[in-house]
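For reference, the structure is listed below as structure tokens.
Naming: A, B, ... by sequence-line order, numbering from 1 per chain.
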Number of protein chains: 2
Amino acid sequence: MTTIKDIAKVAGVSVTTVSRALNGYSDVNEATRKKIMDVAKELNYSPNTLARSLVMNKSKTIGLLVSGLNEGAVKDNFTFEVLSGVNQYVSDSDYDLILFSTNSTKQREKTYSQLCKERRVDGAIIQGIRTDDPYLQEVVESNIPCVLIDIPIETETVGYVTTNNRQGAQKAVDHLIRLGHQNIAMINGHEFAVVSQERLKGYQDALKVANIEFNPDWVVNGDFNEEAAEKVALKLIESNPEISAIFCASDLMALGVMKVARRLNIRIPEQLSIVGYDDILLASYVSPPLTTVAQNKFQMGYEAAKMLIHTLEGKDEPHVKTLDTDLKIRETTKKFNKN
Amino acid sequence: MTTIKDIAKVAGVSVTTVSRALNGYSDVNEATRKKIMDVAKELNYSPNTLARSLVMNKSKTIGLLVSGLNEGAVKDNFTFEVLSGVNQYVSDSDYDLILFSTNSTKQREKTYSQLCKERRVDGAIIQGIRTDDPYLQEVVESNIPCVLIDIPIETETVGYVTTNNRQGAQKAVDHLIRLGHQNIAMINGHEFAVVSQERLKGYQDALKVANIEFNPDWVVNGDFNEEAAEKVALKLIESNPEISAIFCASDLMALGVMKVARRLNIRIPEQLSIVGYDDILLASYVSPPLTTVAQNKFQMGYEAAKMLIHTLEGKDEPHVKTLDTDLKIRETTKKFNKN
DNA sequence: GTGAAAGCGCTAACAA
DNA sequence: TTGTTAGCGCTTTCAC
């Protein structure tokens, strides 16, 4: 592997000059530069970013901490879409992306900030971790610039991008109310997700506006998980036959509810209306197609990367970005009809 | 950021000793080691992998070159599943993954091997690039160990994992033949994918066994693309009404064909049988559920990572891994019925 | 069992 | 415009 030293020798100059020439500094004679460039090409030179990073004290890498990068996440490819968005922005910059997957056993050995510090990443994007994750706090308090997805923490070095979850949920429930539903249950994620808290508020907002009393027994957690949602939905439906609509905090859970309904011979949407959240790919393909609150996951990733890199480049940008959601009315919701 | 120098100072030893202690060498006094460990913890030390990599001349990173990491790839999340598999294996090793996305404009500026060399990756996994990619050859010829996915090149430092495409295709077509179909068309990908070449052979194999003459006009390319497949399928079906079954080299293309059939009021599977390839998530969700040849994309990634890391660790492993496919018979195929 | 010193490939004062 | 020198944080001979 050729180094600038080799080039210097062949070109008959010092390494400094080589370095300057290669990095496009102006204070180098054009003839010298050309010579150096030629030699570099001839020797098939590649700069060693490791050495450069070491001395410059920045690595031009950004760490992507994700937790949903596993086999089970295929159905709900939230993580993938965010990753695509991140990648889209990053690949047009001169940064590279290093992946820290935290679903493995390794996460217990090393904290997020350790991973970042060891690799000397310039910044990090964090997605899919729970608010009760013991290492979240730590990475936020380290002075590594980071952008969180769906976790509203804002400091000097920390920003976040999220969507308007409260409003999104409200739209969904409002839609059900307009269809005449009064007995609307909610299957939420879990308490350690800010989005769950927000979506619950949106649900309550909508009820309030319509003067419908909030019944806490009708809100249960399905852990953002299809099977768990099935279980809680089953119990909910069986013990509260008056429920005519269910708002789910994720599409995956909505799919679980649809399964249960099918099993119980409850027709959707005639007997039960369902609204999901996310607009995953499957939402428009299941039968009947799922009414849901769409969030642009790709854009979330894109904006996160943009925010982070802008911060790293010293551009003084807002540290918060909230995207809008979009209610997609499909075929799992219908006018209430009391049989 | 604390360095071993800081630790040495506080612990009252030399940097050499610190290095040895931290790296678990045996020739260091237990008391000294303990002291050093304590100081390291106290100072919240993180090793600088950049410096280490520089001197050791290996980075403990593996590069992942993919081309399908963009918004459009959501439906056909082949890339994502492979990535998950890679990640699964890698995250249980002490390597990290660095993502080189090549769909961007950047790919034209820097070749794959340049990317790899600059970042000093120890090895690379390459997925989703075409055999006519000008930079493929280059990276293969560089002496960077790499594992290719679905490109059968084998050298001292290059291996690959793939599935048995020929057999998979044969199974699919054989299935159609057993159902009584004689006029079976194929929508292939493109000529710069080895899998397309192989699947075509499998198609021909099946015909041959059944003594059905091969008609080259009935094999058209859809570029692994839903829209393109729609177009070619339309032409194919309209000008050859005798075709009763179509084998597609990807599920995405099969979806395109299904769309066309719907538009032409051709009932599936009654009037037209369709077999796809891949078994993407949607395959089992579309209506009717798609009969297809399943390949385990997650495992492909997993095996690729395993092969690469084993190679890097000097384990002498076979450089080729061929996985089996699995014909999933669902509801787009039916006994031929000449009306 | 420990330390001094060299060096990995690069950048950046400072001097000439 | 160019070169000398030091140093980024680490590992590794080699000597003690």
Review point. Using 30° and 60° as the class limits, which term best fits the ring planes of B/Tyr302 and B/Phe298: parallel, tilted or perpendicular?
Key: parallel

Could you check how far [atom1] of [X] sits from [atom2] of [N], rounded to whole Å?
X: B/Asn57; N: D/dT11; atom1: CG; atom2: C1'; answer: 12 Å
X: B/Ile4; N: D/dC8; atom1: CD1; atom2: P; answer: 12 Å
X: A/Met56; N: D/dG7; atom1: CE; atom2: C1'; answer: 15 Å
X: B/Asn48; N: D/dT11; atom1: CG; atom2: C1'; answer: 13 Å
X: B/Asp6; N: D/dC8; atom1: CG; atom2: C1'; answer: 13 Å
X: A/Lys5; N: C/dT11; atom1: NZ; atom2: C1'; answer: 15 Å
X: B/Arg52; N: C/dC10; atom1: CZ; atom2: P; answer: 21 Å
X: B/Asn23; N: D/dT11; atom1: CG; atom2: P; answer: 5 Å

Exercise for review: Using heavy atoms and a sub-4.0 Å distance, could you list which residues of residues 24-38 of chain B are near DNA chain C? By number, please.
Suggested key: B/Asp27, B/Val28, B/Asn29, B/Thr32

Practice item. Please evaluate the base of D/dG3 for a donor-acceptor partner in the side chain of A/Arg20 within a cut-off of under 3.5 Å? Key: yes

**Study point:** Within 6.0 Å of NZ in A/Lys321, more than 12 heavy atoms from elsewhere
**Key:** no

Review point. Quick one: is A/Ser19 getting a side-chain N or O under 4.0 Å of the C/dC10 phosphate, OP1 or OP2?
Key: no

